[in-house]
Amino acid sequence: MITIQQYCQQALEIWFERLIPALFPFIFLANLFAEYIPSIRHRRILVPITILSGWLFGLPIGAKMIADLTEHHVISADRGQRLLAICNMISPAYVFGVVLPNYEIHRKTTFHMLFLFYFTPLLCSVLQEFLQFLFEYCKKMTVSVKSMKPILSTGGNSQRLRIESEGIGTLLQEACPLSVPFSKALDHAVTNALKGIGKIGGWMIISSAIAGILSLFLPRGISAACFPILEISSGLWITERSLHSVLLYVTFGGISCFMQTKSFIDHSGLSCAKYLFSKILQVIILTLLFYGKALP
């Protein structure tokens, strides 16, 4: 029987031996990128860069870059929320470099998995947009004609004030000398990267400790099913699972990954509840695709 100390030790070893070498350089670059966002004149180009970085480097780097763009008013909070659901996921390098080597699969299956891995978040985002539109439409239908006019006029004023406030913030940022000396930017980037990678390791150890405590009281099968939900890296490393169930766990990311993401977006105005809902919706969609024989 694995003790709580062994659970924590396993998480610490994975964090130190695998995640620090893999993530720290990219977290450092993301923080260096954030130092110079205000001084970049054509900042719209940063959006596709952020999307590509989120797809390639995975969470929490995608969350960090989206939060920075939202805080500097490069994108709105609504758009940042949509990008968070699409870009902040387990990196393909982790899936194809760590998870899949444990399984013997055909090249065609690998292509299908790569397609599903990127297609599911996009489909989820479209479905969320439709559900939000449907909810707002139904809400408007329940409002009487008399009360609709003041609501619409107030909403227009608040919308205009929000746009004007964002525009003023952007003008102030562009008017001020925001260019940071490179040596200072490097120092800030290293400090923030160390803080970020420390948060990742801390949440991995805490989640593994909780999984170890649950294993003392729950039956072995239930605790084994809960472990990857709490901490995905250690959970998949210790327990043996089918390829389909592993992909579902990877799509969700686990509570540890959720808390890591939360720590990076706390001050950006992005909603953690909406992000969690989008991850659950992605798992449901991927499950339906599995039952629909989308993956052989």
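Given the structure is predicted, the values throughout are model-derived calculations rather than measurements. Scope of the values below: all heavy atoms of this structure, side chains included, with no hydrogens, waters or symmetry mates.
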Is the closest basic N to carboxylate O distance between D78 and R82 below 4.0 Å? no
Do you know the tightest heavy-atom contact between [X] and [Y]?
X    : Y    : value
Y249 : I229 : CE2-CG1, 3.5 Å
C87  : I66  : CB-CD1, 4.0 Å
S215 : G212 : OG-O, 2.5 Å
K279 : N88  : NZ-O, 3.6 Å
S256 : E231 : OG-OE2, 3.8 Å
A189 : L32  : CB-N, 3.7 Å

Could you tell me if the side chain of S208 sits less than 4.5 Å from the side chain of F227, heavy atoms only? yes
With N31 as partner, the option from K195, H188, K64 fulfilling side chain to side chain donor-acceptor pair (under 3.5 Å) is K64
Got a second to check how far L59's CG is from T261's OG1, nearest 0.5 Å? 5.0 Å
Reported CZ-to-CG distance for the pair F264 and D68, which is rounded to 0.5 angstrom: 10.0 Å
Name of the residue among I232, L12, I14, L230 meeting side-chain contact (heavy atoms from CB on, under 4.5 Å) with M204: I14
Do you see a donor-acceptor pair shorter than 3.5 Å between the side chains of E13 and Q9? yes
Parallel, tilted or perpendicular, as decided by the 30° and 60° cut-offs, for the rings of F57 and F26: parallel
